[in-house]
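Shown next, in structure tokens, is the structure this report addresses.
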Amino acid sequence: MDRVIVYVDDAVYAQQVLAPLFARDAAARTQWVLVACAPRMTHRISKWVSHSARENWRAKWADKLFAQILPALRVPTDRVTTVLAKGPLAELTDQLQAAGASAAQVVDARRPKTNMAQEPAPVRPDKGWSPMPGTLGSLLTGCGALWMLAFE
């Protein structure tokens, strides 16, 4: 029996990525391990929210995610294992690989970060010496105002 470990954080994106694997499952018996990767919370959130409340939120978030993905998987529930990631994914992958008899295929179906894929802003050659437009004008206006106050 094949095993597939799938890391997900968004149901819609995961369904798009996993559509070819879902189609393949009809012919072969595959054991699915769905790992929910909850969004990161800042370390400052502990000022307002207790640890147990954070864990409860993560569990509810994962349950909603699995409820959206499992109908698209169209396999019996005995062939699906759901896991909530609580630490580094490399360690979790090692644990999940060790739990099975054979090596499992690992699929990363998490939505890519959008701010990482942005291209740097193009450099405009017509304003090469001033990195901030309007800086010189603001400086001269400020100096003029100071001179006016000094001569009064």
Side-chain angles (χ1 to χ4, degrees), residues 1-139 142:
M1 178 185 303
D2 294 335
R3 284 186 39 221
V4 179
I5 300 171
V6 182
Y7 292 108
V8 294
D9 63 356
D10 181 36
V12 175
Y13 183 79
Q15 288 172 357
Q16 292 172 356
V17 171
L18 297 174
L21 291 175
F22 291 166
R24 178 191 78 170
D25 187 56
R29 289 188 45 88
T30 303
Q31 177 67 34
W32 293 90
V33 180
L34 298 177
V35 180
C37 303
R40 285 190 157 290
M41 293 184 220
T42 64
H43 65 280
R44 292 183 179 90
I45 200 166
S46 63
K47 293 179 185 178
W48 299 284
V49 181
S50 68
H51 180 71
S52 62
R54 282 184 291 184
E55 291 301 314
N56 287 339
W57 178 84
R58 288 167 51 88
K60 288 178 185 176
W61 180 88
D63 289 340
K64 282 185 197 176
L65 181 71
F66 293 141
Q68 293 173 350
I69 293 176
L70 288 176
L73 196 54
R74 295 185 300 268
V75 296
T77 56
D78 63 335
R79 292 181 22 209
V80 178
T81 305
T82 57
V83 178
L84 175 59
K86 294 184 180 180
L89 294 183
E91 294 174 11
L92 181 60
T93 302
D94 293 340
Q95 291 173 359
L96 293 173
Q97 291 279 17
S102 62
Q105 177 184 1
V106 178
V107 178
D108 188 359
R110 295 176 294 168
R111 180 176 296 280
K113 304 285 188 254
T114 56
N115 59 356
M116 299 300 242
Q118 292 178 352
E119 295 181 18
V123 177
R124 295 191 334 216
D126 58 334
K127 294 193 178 196
W129 69 275
S130 177
M132 297 186 302
T135 304
L136 182 61
S138 300
L139 181 66

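Numbers for residues simply follow the sequence, beginning at 1. What's counted below: heavy atoms across the whole structure, side chains too, no hydrogens, waters or symmetry copies. As the structure is a prediction and not an experimental result, all values here were calculated from the model.
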NE2 of His51 to CD1 of Ile45, rounded to nearest 0.5 Å, is 12.5 Å

Between Val35 and the options Val107, Val83, Val8, the side-chain contact (heavy atoms from CB on, under 4.5 Å) test singles out Val83

Shortest non-hydrogen pair, Tyr13 vs Ala109, comes out as CD2-O, 3.5 Å

TODO: Mark yes or no for whether Asp9, through its side chain, and Pro39, through its backbone, hold a donor-acceptor pair below 3.5 Å.
DONE: no

query = Between the side chain of Arg111 and the main-chain N/O of Val12, is any donor-acceptor distance below 3.5 Å?
reply = no

One should read off an interatomic distance between Phe66 CZ and Leu84 CG, to the nearest 0.5 angstrom, of 7.0 Å

Only distances under 3.5 Å count here; give the side-chain donor-acceptor pairs of residues 88-99 to other protein atoms, sequence neighbours excluded, each with its distance to 0.1 Å.
unit_1, atom_1, unit_2, atom_2, d
Thr93, OG1, Tyr7, OH, 2.2
Thr93, OG1, Leu89, O, 2.7
Gln97, OE1, Ala104, N, 2.8
Gln97, NE2, Ala104, O, 3.1

Value for CH2 (Trp32) from CD (Gln105), rounded to nearest 0.5 Å, stands at 7.5 Å

Rounded to the nearest 0.5 angstrom, the CG-CG distance for Leu65 and Asp10 is 7.5 Å

When rounded to the nearest 0.5 Å, the distance separating CG of Asp63 from CZ of Arg58 is 12.5 Å

Sequence neighbours excluded, the answer for side-chain hydrogen bond (donor to acceptor under 3.5 Å, both in side chains) partners of Arg110 is Asp108

